[in-house]
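Report on one structure; see the data block that follows.
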Number of protein chains: 2
Amino acid sequence: MSWNLDNDRPIFVQIVEHLQCDIVSGVYAPGQKIPSVRELATEASVNPNTMQRALSELERDGLMHSERTSGRFITEDITMIDKLKEELATKRIEDFLKQMERLGLSPREIKDLIAKKVKE
Amino acid sequence: MSWNLDNDRPIFVQIVEHLQCDIVSGVYAPGQKIPSVRELATEASVNPNTMQRALSELERDGLMHSERTSGRFITEDITMIDKLKEELATKRIEDFLKQMERLGLSPREIKDLIAKKVKE
DNA sequence: ACTATTGTATTAGTCACTTAATACAATAAG
DNA sequence: CTTATTGTATTAAGTGACTAATACAATAGT
């Protein structure tokens with residue numbers, strides 16, 4: 001999956017979200033070692049400092065931890081990962097519904113539109 | 001409706017989106033005069049220049065037009081407004097579905113979650 | 001005619017994000 | 001022990017968004 005970073009929002013924020021997705025969707029398994037800061041930075045075409053900042057955020061939240069010279073590892077706490085997954089999903093659904101209602105669409109219309117899109 | 005601006009994205013972009021919503025949802029009727037740059041800026045707690053920038057964007061897209069000293073008016077082209085409404089809705093649905101799939105949820109799961117939320 | 005209000009333009013300064021270029025500490029690997 | 005690789009920290013510079021403070025032009029209202 002490419003990184004697809006844009007200039008609409010801070011890059012480090014987008015990286016955090018990208019990695020959160022990779023974690024909750026299983027791209028990175030619990031306990032798995034992830035590439036080094038420098039590797040990830042190259043891969044995403046950003047400065048190592050920017051990648052470092054994103055990783056620090058994730059570390060602060062307990063989603064990963066670093067071991068001085070061995071590298072960085074995803075947490076093994078599956079409960080934490082599942083909880084994050086539900087949080088992210090819930091938040092996105094709520095944001096989405098709010099946005100759609102602000103466009104003047106009724107819950108009923110929204111539901112139908114989704115059902116139609118999902119069929120495709 | 002309060003403006004609810006955050007620091008995650010450029011404020012002028014958020015203002016553009018806010019006003020687009022107000023137009024397609026009918027808060028501002030076609031042809032209606034909208035408050036002055038200075039009034040809107042005060043209301044949204046931003047600098048007049050920032051509001052001006054957002055309004056210029058909307059004007060560039062043809063959604064409103066300014067008349068030197070009479071003020072600014074929403075377009076009377078209802079077709080344009082309806083088209084925008086559909087564009088915005090479609091884009092948001094697609095973005096939403098992409099995000100949810102990246103979290104590792106199947107279309108089926110997504111549909112069920114929405115249905116559940118909409119019931120509330 | 002005068003005045004207030006409108007949109008618009010200009011210039012400067014502040015701040016956060018980003019990049020760049022290093023440097024250092026710790027340790028796994030040889 | 002030596003070396004390469006890891007995470008981490010520091011300093012400087014560039015960029016864009018935002019604010020601030022004006023100034024000007026046009027015209028509706030009086």
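All values derive from a computational prediction rather than experimental measurement. So that the names make sense, note that chain A is the first sequence line, chain B the second, and so on, each numbered from 1.
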Rounded distance (Å) that lies between atom P of D/dT8 and atom CD of A/Glu67: 11 Å
A/Thr69 vs A/Pro48, nearer the 5' end of DNA chain C by closest nucleotide: A/Pro48
Ionic contact status for A/Asp112 with A/Lys116, cut-off 4.0 Å: no
Heavy-atom closest pair, residues B/Met51 and B/Ile15: SD-CG2, 3.8 Å
Over 12 foreign heavy atoms within 6.0 Å of CG, B/Asp6: yes
Donor-acceptor contact present, side-chain B/Asn47 to main-chain B/Asn49, <3.5 Å: yes
Phosphate OP1/OP2 of C/dT8: any B/Ser66 side-chain N/O under 4.0 Å: yes
Sugar-phosphate, base or nothing in reach of B/Gln14, heavy atoms under 4.0 Å: nothing
Contact under 4.0 Å: B/Ser70 side-chain N or O vs D/dT27 OP1/OP2: no
N/O to N/O distances under 3.5 Å, protein versus nucleotides 9-11 of chain D:
none

Set of residues satisfying salt bridge (Lys or Arg N to Asp or Glu O under 4.0 Å) with respect to A/Glu57, sequence neighbours excluded: A/Arg60
For atom CE of A/Met64 and atom P of D/dG7, their distance in whole Å: 11 Å
B/Ile34 CD1 - C/dT5 P separation (whole Å): 18 Å
A/Ser36 side chain, from C-beta outward: closest of C/dT6, D/dT6, C/dT19: D/dT6
Residues 21-30 of chain B, side-chain donor-acceptor partners within the protein, below 3.5 Å, at least two apart:
{"from": "B/Asp22", "atom 1": "OD1", "to": "A/Arg102", "atom 2": "NH2", "distance (Å)": "2.8"}
{"from": "B/Ser25", "atom 1": "OG", "to": "B/Cys21", "atom 2": "O", "distance (Å)": "2.7"}

C/dC17 OP1/OP2 closer than 4.0 Å to side-chain N/O of A/Arg53: yes
Inter-residue atom distance A/His65.NE2 - A/Ile74.CD1, 0.5 Å rounding: 8.5 Å
Atom pair distance, as rounded to whole Å: CG in A/Asn7 and C1' in D/dT15: 11 Å
Polar side-chain contact A/Arg72-D/dG7 base: donor and acceptor under 3.5 Å: no
5' priority, DNA chain D, between B/Arg68 and A/Glu59 [closest heavy atom]: A/Glu59
Integer-rounded Å distance: D/dT6 P and A/Phe73 CZ: 11 Å
Between C1' of D/dG16 and CG of B/Asn47, the distance in whole Å: 15 Å
Value in whole Å for how far the C1' atom of C/dT22 lies from CZ of A/Arg38: 11 Å
Spacing between B/Lys33 atom NZ and C/dG7 atom C1', to the nearest angstrom: 12 Å
